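A short write-up of the structure that comes next.
Chain letters run A, B, ... following the sequence lines, proteins first and then strands; every chain starts at 1. Predicted model only: the values in this text are computed from it and were never measured.
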There are 2 protein chains.
Amino acid sequence: MNAQVVSMQDARTRATCSQAFPVADLSSLFARQPVERFAPAQAVFWQGDEATHIFEVTVGMLRALRLLGDGRRIIVGFLRPGDLLGVSLKERYLYTVEAVSSVELRRFPRRRFEDEVARHSNLQQQLFSRLRDEMTAAQDQAVLLSRRSAEEKLANFFLLMGQNQNCKQTSIVDLPMTRLDIADYLGMTIETVSRTITKLANSGVIATPERRSVTVLKMETLRSLADGDESDYWTPSPYRVRSMHPPVFEGGGA
Amino acid sequence: MNAQVVSMQDARTRATCSQAFPVADLSSLFARQPVERFAPAQAVFWQGDEATHIFEVTVGMLRALRLLGDGRRIIVGFLRPGDLLGVSLKERYLYTVEAVSSVELRRFPRRRFEDEVARHSNLQQQLFSRLRDEMTAAQDQAVLLSRRSAEEKLANFFLLMGQNQNCKQTSIVDLPMTRLDIADYLGMTIETVSRTITKLANSGVIATPERRSVTVLKMETLRSLADGDESDYWTPSPYRVRSMHPPVFEGGGA
DNA sequence: CGTTATGTTGACATTAATCAAGCACGGTGG
DNA sequence: CCACCGTGCTTGATTAATGTCAACATAACG
C-alpha cells in the first residue's frame, strides 16, 4: 500500500489505548508547537520535497502553486488562518507553498500526526471533514476555470476571497496577493485581470481605493455576474427531465 | 460537525467491537451487493439528492457533472471500473452522475459504509488513500483547465484516457463519451474539440479510425504537446506506480 | 531620490466562440 | 432493401474575447 500505513498501529493495539488522552480537535495538536514566521515570498516547502510535516496556518496568507515543465505557474489555492497544509499528501508534496503576506504557522511531524489521528476517532472525523472541504475547494476551482469569461471569474474570485472562515460575506475584500497570483489562479493574464477590474470599477460594481483590496458596491450585481456557480440552489425540479434514452433495466437485479 | 457524525459510534463503543469481522478492503464491502445496470444517459443520482448510498463501478463509464444556474454543464470527471462514487460524506450529492456507456455498479448504504470504515483501520487507510488520489485528480483537472491551448488540453486528455487503472499507457484510446462531454470537461466547445482532433489527425500524431476512439501514432509528440503537465516528472522513479487505488469520486458536500 | 517591482493602459495579433451549413451514421418504417 | 430522420460530428465564415507586445504610471524600497 503506501507509506503511512507503517506508521499506523494495528487496530487491536489502538483499541486498548484509545481515548487515553482525548484530544479536543485537530488544532489542539498544533497548539503547543512553536510558531514559525515566514516573510512574503518565502517558501514553506517545495513541490517534490519529502512530505515530513503537516502545518497549520495561524496568521497571514499563502499560495500553493505548481510549476509546469515549460515554466508556467499555476496557483492551486490560497491558504488562510485555520487551514491545514499537507494533509492530503502522500510521500511528497504535490505543490510548492509560499507566503503571500507575513505568515505565522505551526508544524507537526506527519508521522506523529497520522498516529494521533489513528488513535482518536474524533480527529479522524475532523480529518475526513477537512479532506472533503479541500476536495470541494479543488472542484470548485475546476468549475471556476471552466468556460467562464474573465468577468465571471473575477466576480467569483472576489466573492470567494470576501468570505471569511465563517462564510460571512464582507463588502471590503482583502487581496494580499499580486495580480500575477490572481491571474495564475484564474488561468488568465495579468493584463486581462487588470482590465477586468478596471471595467468592474468603471461600471460601479466595485471600488478600488487601494491596490490590494476592493470594495464591493453592488453585491447583488456582483453575484449575478458570478452567475450560476457556487451556492447550493440546485433547482429541484426542472433539471430532472434529461434522459431521453429508454431506461432499460433498472433496479437491484442480477 | 456534520451529518455523518451522527452515524458514527462513540469511539469507546467502537473500540470494544473493532476487528470482530475483519474486512480485506473497501471493494469487498460491495462484493455481496447485487449488480445494478444503467443504460447510456441514465442517471445514477442527481446533484442535490440526499446522499444515501456509496457506489462502486464494476463495468462501463460514467460522467459526473454539475449544472450551473444559466444552464451550462460542467463535467467534473469520468468514472471507470474500480472507482467509488458518493464517498463524500455530506448530506447531499454535489453533482449528477450519469452512465456514458452501459454500466454495472453495486451500491452500499452510506451509513453502513461509514460504520464499517470507522470499525476497520485498514478500511480507513484505504479510504484516506482514495480521497487523496481524488484530491490529486481534482487538482490535475484544475491544472488541465488552466491556461492551456485547445491542443494541449486534448493531448492531455488523450493521455489521461489512455491510461488504464494500472497507469499503463495504451496507444489505442477508447472514448465512449461524446464530443460534448469532452468539451464540457475541458472547458471548450464541441467545434473546437472537433477541429483540434482533426488537426492532430492531419499532423499524424493520432489516427481516428472510429468515432469513439483514437489511435496514438506518435506518443512522444503527443507527450510534448501535453507539455509540462501531469506533475510527476520531477520525482525520479517510484512515482508512477504509487497508487494501486483508483481514484474515488465523491458526491456529497456543499 | 533613484531604482525596481507591480499595476495600468493601448495597439495589435491570435485563438477560440458563435453562427450556420452539410456530412455520416444508426434507427425506423415503408 | 431503401428512403427518411435524428443525432452526433465536421467544416466554413465571421465575430468577440483574450493573449501579446510595448509603453507608461505608480507604489515600494533601499
Side-chain angles (χ1 to χ4, degrees), chain A residues 39-42 63 70-75 98-102 144-155 157 175-203 206-214 225 242-246 248, chain B residues 39-41 63 70-75 98 100-102 144-155 157 175-203 206-214 225:
Chain A
Q42 197 180 348
R63 56 178 171 253
D70 60 354
R72 278 178 302 189
R73 196 184 78 141
I74 290 171
I75 292 192
E98 298 170 351
V100 168
S101 57
S102 287
L144 183 57
L145 286 163
S146 291
R147 186 114 81 128
R148 311 187 81 75
S149 70
E151 209 171 41
E152 288 175 285
K153 284 181 182 174
L154 260 301
F157 183 70
L175 301 174
M177 72 292 292
T178 68
R179 299 288 132 111
L180 182 61
D181 289 334
I182 300 175
D184 286 347
Y185 180 71
L186 297 176
M188 45 205 254
T189 61
I190 43 174
E191 292 94 331
T192 304
V193 170
S194 184
R195 274 187 252 271
T196 307
I197 291 178
T198 303
K199 196 169 120 197
L200 288 172
N202 287 339
S203 62
I206 60 171
T208 55
E210 307 166 45
R211 213 113 143 193
R212 295 294 173 90
S213 76
V214 298
L225 287 176
R242 299 196 80 260
S243 57
M244 346 278 279
H245 295 241
V248 184
Chain B
R63 58 179 170 251
D70 61 354
R72 279 178 301 189
R73 197 184 78 139
I74 290 172
I75 292 192
E98 298 170 351
V100 168
S101 57
S102 288
L144 182 58
L145 286 164
S146 291
R147 187 126 72 139
R148 313 187 78 77
S149 70
E151 209 172 40
E152 288 175 284
K153 284 181 182 173
L154 260 301
F157 183 71
L175 301 174
M177 73 290 294
T178 68
R179 299 288 133 112
L180 182 60
D181 290 334
I182 300 174
D184 287 346
Y185 180 71
L186 297 177
M188 45 207 251
T189 61
I190 43 173
E191 291 96 329
T192 304
V193 170
S194 184
R195 272 187 253 272
T196 308
I197 291 179
T198 303
K199 197 168 119 195
L200 288 172
N202 286 340
S203 62
I206 60 171
T208 55
E210 308 165 45
R211 215 108 156 211
R212 295 293 173 92
S213 76
V214 299
L225 288 176

A:Ala39 and A:Ala99 have their tightest heavy-atom pair at O-CB, 3.3 Å
Residues in side chain to side chain contact (heavy atoms under 4.5 Å, CB included) contact with B:Thr208, at least two apart in sequence or another chain: B:Ile197, B:Ile206, B:Val214
Nearest 0.5 Å, what's the CG-CZ distance between A:Leu145 and B:Arg148? 12.0 Å
With sequence neighbours left out, the residues meeting side chain to side chain contact (heavy atoms under 4.5 Å, CB included) with B:Ser213 are B:Asp174, B:Glu210
B:Thr196 and B:Lys153, any side-chain heavy atoms less than 4.5 Å apart: no
Of all of residues 183-194 of chain A, which get a heavy atom below 4.0 angstrom from DNA chain C, listed by number? A:Glu191, A:Ser194
Under 3.5 Å, which protein N or O atoms sit close to an N or O of nucleotides 27-30 of chain D? Give each pair with its distance.
residue: D:dA27; atom: O4'; partner: A:Arg211; partner atom: NH1; Å: 3.3

Expressed in angstrom and rounded to an integer, what is the separation of B:Ile182 atom CD1 from D:dT10 atom C1'? 14 Å
Name every donor-acceptor pair, under 3.5 Å, that has one atom in a side chain of residues 187-194 of chain A and the other anywhere in the protein, sequence neighbours excluded.
residue: A:Thr189; atom: OG1; partner: A:Thr192; partner atom: N; Å: 3.3
residue: A:Thr189; atom: OG1; partner: A:Thr192; partner atom: OG1; Å: 3.0

Interatomic distance, B:Met177 CE vs D:dC9 C1' [rounded to whole Å]: 16 Å
Taking CD from B:Glu151 and P from D:dG19, how many angstroms apart are they, rounded to a whole number? 18 Å
Determine: side-chain N/O of B:Thr178 to OP1/OP2 of D:dT7, distance under 4.0 Å, yes or no. no
Residues passing the side chain to side chain donor-acceptor pair (under 3.5 Å) test with A:Glu98, sequence neighbours excluded, are A:Arg63
Tell me, which stems hold DNA chain C, with a stem being 3 or more Watson-Crick or G-U pairs in a row and both distances under 3.5 Å? C:1-30 with D:1-30
For B:Arg179, enumerate each residue passing the side chain to side chain donor-acceptor pair (under 3.5 Å) test, keeping only those at least two apart in sequence or located in another chain. none
Along DNA chain C, 5' to 3', what are the outermost nucleotides having an atom less than 4.0 Å from a heavy atom of chain B? C:dA16 to C:dC25
Once side chain to side chain donor-acceptor pair (under 3.5 Å) is applied, do any residues pair with B:Ser149, and if so which ones, sequence neighbours excluded? B:Glu152
Between the CZ atom in A:Phe157 and the CD1 atom in A:Ile182, the distance rounded to the nearest 0.5 Å is 4.5 Å
Quick one: A:Arg195 CZ to D:dT18 P, roughly how many Å, whole number? 11 Å
Does the pair B:Met177 and B:Ile75 meet the rule for a side-chain contact (heavy atoms from CB on, under 4.5 Å), with working shown? CA-CA 11 Å; B:Met177 73 290 294; B:Ile75 292 192; over 6 Å; no
Separation of B:Arg212 atom CZ from D:dT10 atom P, in whole Å? 10 Å
From CG of B:Leu200 across to P of D:dT10 the rounded distance in Å is 12 Å
